[in-house]
> 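Please see the structure below; I have some questions.
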There are 2 protein chains.
Amino acid sequence: MFTKVLVAEDYEIANQGIVKVLNDEVKIYNIHEAQYCDDAYLKFRKAHQEEEPFELLITDLSFKENHKVQTRTSGIELIQDIRKIQPDINVIVYSQESRPDKINMLFQKLNINGYVCKGQHAIKELVHCIQGVYKGNIVLPPEVKDANQDNIINLDDFDIMLLEELALGFTKKEIVQKLKKQKISPNSESTIDKRVSKLFDDFKAKNTTHLVAIVKDLGLL
Amino acid sequence: MFTKVLVAEDYEIANQGIVKVLNDEVKIYNIHEAQYCDDAYLKFRKAHQEEEPFELLITDLSFKENHKVQTRTSGIELIQDIRKIQPDINVIVYSQESRPDKINMLFQKLNINGYVCKGQHAIKELVHCIQGVYKGNIVLPPEVKDANQDNIINLDDFDIMLLEELALGFTKKEIVQKLKKQKISPNSESTIDKRVSKLFDDFKAKNTTHLVAIVKDLGLL
DNA sequence: AAAGTCCTTACAGATTTCCGTAATCGAGGG
DNA sequence: CCCTCGATTACGGAAATCTGTAAGGACTTT
């Protein structure tokens with residue numbers, strides 16, 4: 001089993017809960033805690049420099065900013081930064097987020113090893129996840145397994161970029177100009193039209209405003 | 001101090017944490033727990049019928065739906081339903097939500113007595129909140145106190161309704177028709193235009209799509 | 001009573017959206 | 001080689017958005 005673990009979670013009650021679960025259920029005792037993203041990063045770098053690296057990172061996604069100045073505001077950045085130092089580190093994300101698209105994004109873009117959803121069965125799922133990751137598996141939460149069958153709309157980077165620009169209030173003409181300036185193709189207004197129309201169909205949206213509202217609700221932006 | 005308390009919180013680790021805090025810090029021992037909204041409601045009604053009512057409800061806002069069928073999905077409905085039975089019950093909401101507008105809404109629309117934000121200092125804040133509510137005070141979280149000074153954009157129900165309709169993809173003409181059908185005034189297209197333009201100014205939005213995106217991000221919808 | 005303010009409403013024009021049709025181009029299969 | 005398919009692009013027109021100006025009513029202030 002893993003011997004040295006870092007838990008990054010700003011919510012102190014949950015932080016204690018995780019430690020307790022690791023102790024009682026998984027028999028891991030060398031556990032370091034961090035309530036701030038920056039703190040987690042520093043602890044990680046120190047351990048790596050001293051050649052006693054962590055084997056597993058369990059982290060939340062969102063960290064509240066408060067009096068202390070934080071350069072990393074989200075667990076995503078933390079994971080990216082830590083992976084730069086130690087690419088093979090095992091990462092389990094432990095977060096409130098339950099939207100399948102967003103969770104899938106974590107697996108695809110960050111190559112995390114496991115995900116546990118804060119919720120009613122967090123203890124059981126966390127134990128199962130740690131054991132699975134230790135065996136080298138990718139452990140999806142039940143929420144995603146269920147949803148993964150159908151209902152997946154394949155959005156490429158261009159679609160996402162379009163949605164982001166639209167959500168920022170840019171007109172299609174402005175987007176076209178940006179694309180031409182950056183020499184990204186396709187970059188004609190009519191293609192943008194077509195693409196967005198396809199998104200209307202995909203998400204059953206009536207117009208651009210509706211589309212952005214839907215996508216925001218789904219957590220894709 | 002309060003003697004009989006109901007804790008409604010689906011996240012089991014947090015649930016245990018609250019009980020522990022109430023025991024250790026506030027010396028409350030008659031604590032009943034509920035992991036489901038419906039469960040909380042039934043326990044409450046039973047206690048009230050047996051004339052041993054709860055004095056305080058501590059509840060989360062969001063409850064995950066799962067295998068069990070839940071008629072109440074949110075803590076808001078739970079509070080409303082419980083208030084119908086026992087209007088003077090003290091209610092403390094204990095939730096992830098940190099956006100001032102949303103928290104303010106809870107105080108204004110539901111007349112809750114206190115709010116504690118899940119976070120780094122949840123224990124201290126929870127204790128402080130319970131003690132304040134026991135003295136008959138309304139206890140705002142620090143997040144809201146800080147933000148309440150400036151930065152508040154006053155949205156009336158009409159504005160919210162407009163934003164909701166726009167986010168649902170209705171055109172202004174459709175909204176006008178709805179309003180006329182429901183005999184709600186104002187209901188002219190030009191007033192709708194003016195109102196939305198004012199919202200543009202308030203939120204520094206470039207167009208309707210941008211506006212809805214901003215408002216979604218702020219959590220007002 | 002007069003002046004000022006705020007909200008509602010009407011109207012008009014420039015711009016943008018939305019949704020057709022149609023032409024072009026490149027990749028791949030028969 | 002030709003044909004098809006999908007993606008890109010061009011173009012056009014009805015509808016909707018956005019932004020002005022202006023006028024009327026309710027209310028307050030002086």
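Throughout, a chain's letter reflects where its sequence line sits, starting with A, and its residues are numbered from 1.
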> Does Glu189(B) or Asp193(A) map to a spot on DNA chain C nearer the 5' end, using the closest nucleotide for each?
Glu189(B)
> Within this structure, what is the CD1-CG distance for the pair Ile76(A) and Leu110(A), rounded to the nearest 0.5 Å?
6.0 Å
> Need one value for Ser185(A): base, sugar-phosphate or nothing, where a base atom within 4.0 Å counts as base even if backbone is also close, heavy atoms only.
nothing
> Roughly how many Å is it from CG in Leu179(A) to P in dA7(D), rounded to a whole number?
18 Å
> Using a heavy-atom cut-off of under 4.0 Å over every strand shown, decide if Lys194(A) touches base, sugar-phosphate, or nothing.
base
> Would you say Thr191(B) places a side-chain N or O within less than 4.0 Å of OP1 or OP2 belonging to dC7(C)?
no
> Classify the nucleic acid contact of Thr171(B) as base, sugar-phosphate or nothing, counting any heavy atom under 4.0 Å across all strands shown.
sugar-phosphate
> Does dC18(C) have its OP1 or OP2 closer than 4.0 Å to a side-chain nitrogen or oxygen of Lys172(A)?
yes
> For dT8(D), does either OP1 or OP2 sit under 4.0 Å from a side-chain N or O belonging to Arg195(A)?
yes
> Within the structure shown, what part of the strands sits under 4.0 Å from Asn207(A) by heavy-atom distance: base, sugar-phosphate, or nothing?
sugar-phosphate
> Looking at Lys118(B) and Asp60(B), is any side-chain nitrogen of the basic one under 4.0 Å from a carboxylate oxygen of the acidic one?
yes
> Any base atoms under 4.0 Å from Asp201(A), or only sugar-phosphate, or nothing? Heavy atoms, all strands.
nothing
> Do the side-chain N or O atoms of Ser188(A) get closer than 4.0 angstrom to the phosphate oxygens (OP1, OP2) of dT8(D)?
no
> If each of Lys173(A) and Lys206(A) is mapped to the nucleotide of DNA chain C with the nearest heavy atom, which maps nearer the 5' terminus, i.e. the 5' end?
Lys173(A)
> Report yes if a side-chain nitrogen or oxygen of Asn187(B) is closer than 4.0 Å to either non-bridging phosphate oxygen (OP1 or OP2) of dT8(C); otherwise report no.
no
> Between dC19(C), dT8(C), dA10(D), which one does the side chain of Ser190(A) approach most closely?
dA10(D)
> Could you tell me whether Arg195(A) and Asp156(A) make a salt bridge, using a distance below 4.0 angstrom between a side-chain N and a carboxylate O?
yes
> Assess Lys206(B) against Phe200(B): is NZ or CZ under 6.0 Å from the centre of the six-membered ring, and within 45 degrees of the ring's axis?
no
